[in-house]
Amino acid sequence: MRIIGVNREPSWLIFELFFPLLPICAFAFVYKSMNAPTDYLGFVILGGAMTAIWMNVLWGMAAQFFWERESGNLTLYMLCPMSTMAVLIGMAFGSAFSTFFRVIITFLIGKFLFGVTLHVASYFWLFVTFILTIAAVFSLGMMMASFFLIYGRDAWNILTVFMEPVFFMSGFYFPVKTLGYPLGALASLIPITLGLDSMRQLAFALGPETAFLPVKTEVAILVVLTVVYLAGAKYLLNKLEYLGRREGRLTLRWQ
Amino acid sequence: MAIAIKTNDLSRTFSDDGEKKGGLFWALRDVNIEIPDGMIFGLLGPNGAGKTTLIKILSTLLLPSAGEALVAGYNVDNEYDKIRPVINMVSGGENCGYGILTVAENLWMFTQFYGIPTKPAMKRIKELLEIMNLTEKADTKINKLSTGMRQKMNFIRGFVTDPKILFLDEPTLGLDVNAARETRKFVMNWVKTAEEPKTVILTTHYMQEADEMCDRLAIIDHGKILAEDTPRSLKKQESGGISYNITVGYKDFDAEGLRKIPGVASFAHSVLDEQGMIEMVFILQTDAALAKIIEKINSDGFSINNIQKTEFTLEDAFIKLVGRRLSNGESDAR
């Protein structure tokens, strides 16, 4: 459904390609005016491109059950002889698939506009890090979706709280090392922080100089986060589905 | 005959507005029903009577607070994974599916949730689209459909998985007269001609629909089953009286006074907004009470528009049991 939707609703080109390019351009011009090395423009372009993932996780994954309940689909999903986890995994795959291409296209456009040169240390590890980041972030999104099943409207506020601070703390537009280790460690709970840091290390010549942690450590943490968030999503979904059935919240709207 | 649904002292409570005070609202209280395979079973009750709560429990969406409910022999509490493959539900006014997908794509998607292979699923979808006169809309995105067409699609979604037990919650809501008639015919035919027994649990606001379709009916109010039988027997059991419909010009009136007239077994009324009239339904023990009613109405300054003696209907039985009409709810009676 999500993949078909991307093809049938070309408005995403504006919202998810053009709009993310605007802040990228803003930060890129700042770095440019400061005569910062070109790699810093690359950091910004990569970070800006990755915002599509975080936005998609928040509004497409975490909030999805809320929308499904409002539309009446959730009731039907619950009636079906399938695991709710399968629905979540399907949503995550659909979102990850479409976001995957958006990130790459945004990055390539940014790279072309600002003439950024890549110095890839290892294409294999760059790809692994990218995929692992997507997996870990969408696993977190699945876990958040479970909360939404119960907390409904209140969750809107949580989403707003999660959006801008994460953009800041995860270092979308600057190396996270700048924040210092305590804040960086806290930000690392959002997998995109470590994913971005690793990809910058692997894709740009100046990347290793601004590294928060070694790539291998970050990859290992990303694997752990993926497993923990997936297990968390499964546990919470079961728990909250039971609570939902007990309290009647699976089918009641605007709770 | 096997039992499709059985409940034992089934109860469900919700916290009411007085949650802080520990207040409880009983949506269902000690409901005992037994529905054999292969029949259309109706649930009749005014809004808030507990019909939807009962359906939600039976369809595994809600847990009971007390008692037990068995669907296809499985307990809704802990065997819901065995119940879900054999049930489906269609609710009136439902807005399910994804607007960006076509009718056929949406229906196919739901068949996949039931693990039906694509080829037989598409064959079944095609057949049902034809039956529901929706074939030409198969490739239309559902956000382009009218309410009635969307309801037809929902209806097909309910049948496409060929469930053993189907819950129909106001299924003809939003359908035009012809479509509603076709839908009723289809449901009755589906139950009668099925190779394996099919059971339908129907809630409806249309008495005629219930009368026409249901093999058995339960009348429910305030979470309790007040009566359960065939429509014919219900009418017979409750028909200890003569039914009169009196339409009067709209005005505040003395309902209590009308109710207390000797010989009035039951009284309900509803406001016919569009006509600026009030329709009063009286169940009388004898015709003699009618004169007193007319006298009272006249003395209260009403203009009588119409008086009609009617056959004892299911609605009359309902009024007698529940004390108010099923539709146009502004009623009171005894």
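Below, chains carry the letters A, B, ... as their sequence lines are ordered, and counting in each starts from 1. All values below were derived from every heavy atom in this structure, side-chain atoms included, with hydrogens, water molecules and symmetry-related copies excluded.
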Review point. Among A:A86, A:S83, A:P81, which residue forms the greatest number of heavy-atom pairs with chain B at distances under 4.5 Å?
Key: A:P81
Check your understanding: Less than 6.0 Å separating the ring centroids of A:F127 and A:Y123?
Key -> no
Review point. Between A:F168 and A:Y173, does the ring centre distance come in under 6.0 Å?
Key: no
Check your understanding: Cation-pi between B:R12 and B:F14: NZ/CZ under 6.0 Å from ring centre and within 45° of the ring axis?
Key -> yes
Between [X] and chain A, with a heavy-atom cut-off of 4.5 Å, which part of the residue counts as in contact: side chain, backbone, both or neither?
| X | result |
| --- | --- |
| B:T102 | both |
| B:K141 | side chain |
| B:D77 | backbone |

Point to revise | B:R157-B:N106 side chain donor-acceptor pair, cut-off 3.5 Å | key: no
Point to revise | A:Y77, part contacting chain B, at a heavy-atom distance under 4.5 Å | key: side chain
Review point. Looking only at atom types and distance, does a side-chain atom of A:T129 sit under 3.5 Å from a main-chain N or O of A:G195, one as donor and one as acceptor?
Key: no
